[in-house]
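The structure appears right after this line, and notes come after that.
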Amino acid sequence: MREEALYLREETVVTAIRREQPISQSPSNLYVITEDDIRLSGATDIPTLLRRVPGMEVIQMTAGEFNVSARGDNQQRANKLLVLVDGRSIYVDRQGLAPWTELPITLPEIKRIEVLKGPASAIYGFNAFDGVVNIITKSGAEMAGTTLQTGYGEYGTLRSAGVQAGMIGKFDYRISIGRDQQQQWRNREALGYRLHRFNGQATYSIDSDSSIKLAGGLTDTNRFDFASADFLRLNTPSTYAYSEILYERPNFFLRLNWQGDTTTVDNEPLAPLAGIIATTDKLGRTRGIPYNGHTYNAETQYALELTPSHRVILGGNYRRNTITGTQLTENGHEDRFGVYLQDDWRLTANLALNAGIRVDLHNELNPTYSPRIALIYSPIPNHTIRFSGSVAYRTPTLVETLQEIPTTFTVFGFSNTSTLFGNKNLAPEQIISYEASYQGWYFAHRVRLRADVFYNRVSDLIAPTAINSNTGFYLNSGQADIYGGETGIEVLAAAWLRGFANLAYQKVLDQTFIDPRVQRGAPRFKANAGLQGNWSNGLNAEVAVHYVDSASYPVEPNFLTFAGLGLIPPGAVPNSGVDSYTLLNLRGGYRFWHDHAEAAISVFNALNERHQQHQLADVLGSRVMGWLTLRL
């Protein structure tokens, strides 16, 4: 361990091909957030951690709502990033949402987070559009004992977790509970979100090479402040549950899992539009509007070793999604079936080829074909160049195909109802991506440099579009070209001090759209830097700074219409532009009691730079928290 502290180790990753491989040999762009990164950051949520990854886009809307994507493709109700926990999708298919703050696991359970930027439908099928975030948790043996953690701070922010884990004979187990809550950024007296979570898993080792895992979890959220609904503020209390059976042995796995969620929606117009707009369900209710959904999934993969340098991977899955609710034309379901083939071939000692294709079938869509090809060249040891191209799709959600939402506008005493309908004739959104990247190690593995350039074409983007004063439909209404690059450095300055810095640039051009809400408006530049210190006397600290350039996002057309009629003051119309901002996040901690306890203080936005990350988002300020972690 002392020798390992003198150099940076290359990570072993699993997300790109669902098998372990060195990160330099991955056919996709990958970045790893380690367990130490999570602990030393003082972050209260995963999106805050993702900010350090070059090219990732994070917009915090409220205390609990985040929009996350990659490489210039972020927007309200972001739906183009697949999120996994231990390889299992937790993406809410029926609505196209990632439940960032409603995960059934707690932060102390996370071993690492693998972030894949770029399309990955060739392996994962629909929705691995802009990338994949794979949250990998610790085994019971790795967490053996009892772990208790609590963090409390300003704005009534609470993060608490209790984990019991260990091994009993051939059984490896982990059980956890947690409670999170925070007041609203815009109103310290009002609750922003509050949730309780439970998770459990047990793995039985059949023999030295194979195992079977049973897992299940539940998250109950009794308040969730949602700001991405254009002219509405939503409160969406929900319950999310899942269960899983996973059988694994070398070169093969079989997973069966279910997830279900129940959501109740309360519609509240933004203050300037109160009394002008009322959005209801088919029964005329603005509150207590129910949505219920279930997902049933079966997936498998088999790897065939043709030679020591040539491997073929075969896999497939079946997925069924259902939805019921009173803002739908009808209750509905969808069936998806996909198969894929990947060829992983080391042609020479310095050159490897990864090529594959996936075919996805859908009961409402034509078949889609998602190819990926990557050429990985190592001209000299510790230096790797990769060229890749890929295609991915995001299928229309059940909400986008079945929704029926009446909205009544009252102007000068006259009312008119306009209804937004889903559309069963939507095509899936598509991305075509090309990328070149470099990774190199210097100074005896104490410095790593990485650089990437990319070009993405996104097309058939789906957005709600007004047809006339009474009717709107979801339509494929836009496309855009996005290009850019990222570069970064990681340095081990001493056994106790390491740092990172990276810069991302992207530009959106050649946009065409029917409805302005589909328009992309990402920040041109983003920069991140940080230092981590771990001293032998128990002290540890991190300083991290994140700069995000100004951006322009489309404004809901009704704001401009009502301002033109004099119904709301011009100052109530959200600006399309969002100013640049800088986040300085600090954490200092001290480990004691033979490293079984740690006390820490963290500061989010230590400069107290009050800012919005979207024109409909809350104004964020600073927040100080105290933490105590015990390992018994």
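Worth saying up front: this structure is predicted, and the values here are computed from it rather than measured.
Distance CZ/Phe443 to CZ/Arg448: 16.0 Å, rounded to 0.5 Å. The CD atom of Gln301 lies 5.0 Å from the CZ atom of Phe253; values are rounded to the nearest 0.5 Å. Atoms CD and CZ, on Gln342 and Arg372 in that order, are 4.5 Å from each other to the nearest 0.5 Å. Summarising the geometry, atom CG belonging to Leu40 is positioned 8.0 Å from atom OG1 belonging to Thr34; distances are rounded to the nearest 0.5 Å. Of the inter-residue distances, the one linking Tyr377 atom OH with Leu347 atom CG reads 12.5 Å to the nearest 0.5 angstrom.
Looking at every heavy atom in both residues, Glu486 comes nearest to Ala504 through CG-CB, 3.8 Å. For the pair Val518 and Gly478, the tightest heavy-atom approach, listed with the atom from each and the gap, is CG1-CA, 4.0 Å.
You'll find the side chain of Arg336 reaches within 4.5 Å of the side chain of Asn321, heavy atoms only. Annotation: side chain of Lys213 is in contact with side chain of Asp86 (closest heavy-atom distance under 4.5 Å). A heavy-atom distance below 4.5 Å is not found between the side chains of Pro54 and Arg450.
Counted by atom type alone, Glu364 and Thr401 present zero donor-acceptor pairs between their side chains at under 3.5 Å. Side-chain atoms of Ser41 and Arg52 include no donor-acceptor pair closer than 3.5 Å. Ser378 and Asn350 share no donor-acceptor pair across their side chains, judged by distance under 3.5 Å alone. Under 3.5 Å, the side chains of Gln25 and Arg346 contain a donor-acceptor pair of N or O atoms. A donor and an acceptor atom, one from each side chain of Arg18 and Asn134, are nowhere located under 3.5 Å apart. When only modelled atom types and interatomic distance are considered, Asp335 and Tyr296 share no side-chain donor-acceptor pair under 3.5 Å.
Classified by interplanar angle (parallel below 30°, tilted 30° to 60°, perpendicular above 60°), the ring pair His310/Trp345 is parallel. Ring geometry for His383 versus Tyr442: interplanar angle over 60°, hence perpendicular rather than tilted (30 to 60°).
Under the salt bridge (charged side-chain N to carboxylate O under 4.0 Å, His left out) rule, Glu400 has a single partner from Lys424, Arg94, Arg394, which is Arg394. Checked options Leu81, Thr397, Asp93; the residue passing with Asn127 is Asp93 (criterion: side chain to side chain contact (heavy atoms under 4.5 Å, CB included)).
A 6.0 Å sphere centred on OH of Tyr455 holds more than 12 heavy atoms belonging to other residues, nucleotides or ligands.
Applying the salt bridge (Lys or Arg N to Asp or Glu O under 4.0 Å) definition to pairs two or more places apart or across chains, those involving residues 430-443 are Arg71-Glu435, Arg386-Glu435.
Taking a cutoff of 4.0 Å between a charged side-chain nitrogen and a carboxylate oxygen, Asp209 and Arg249 do not qualify as a salt bridge. The pair Glu244-Arg255 counts as a salt bridge, with a side-chain nitrogen and a carboxylate oxygen less than 4.0 angstrom apart.
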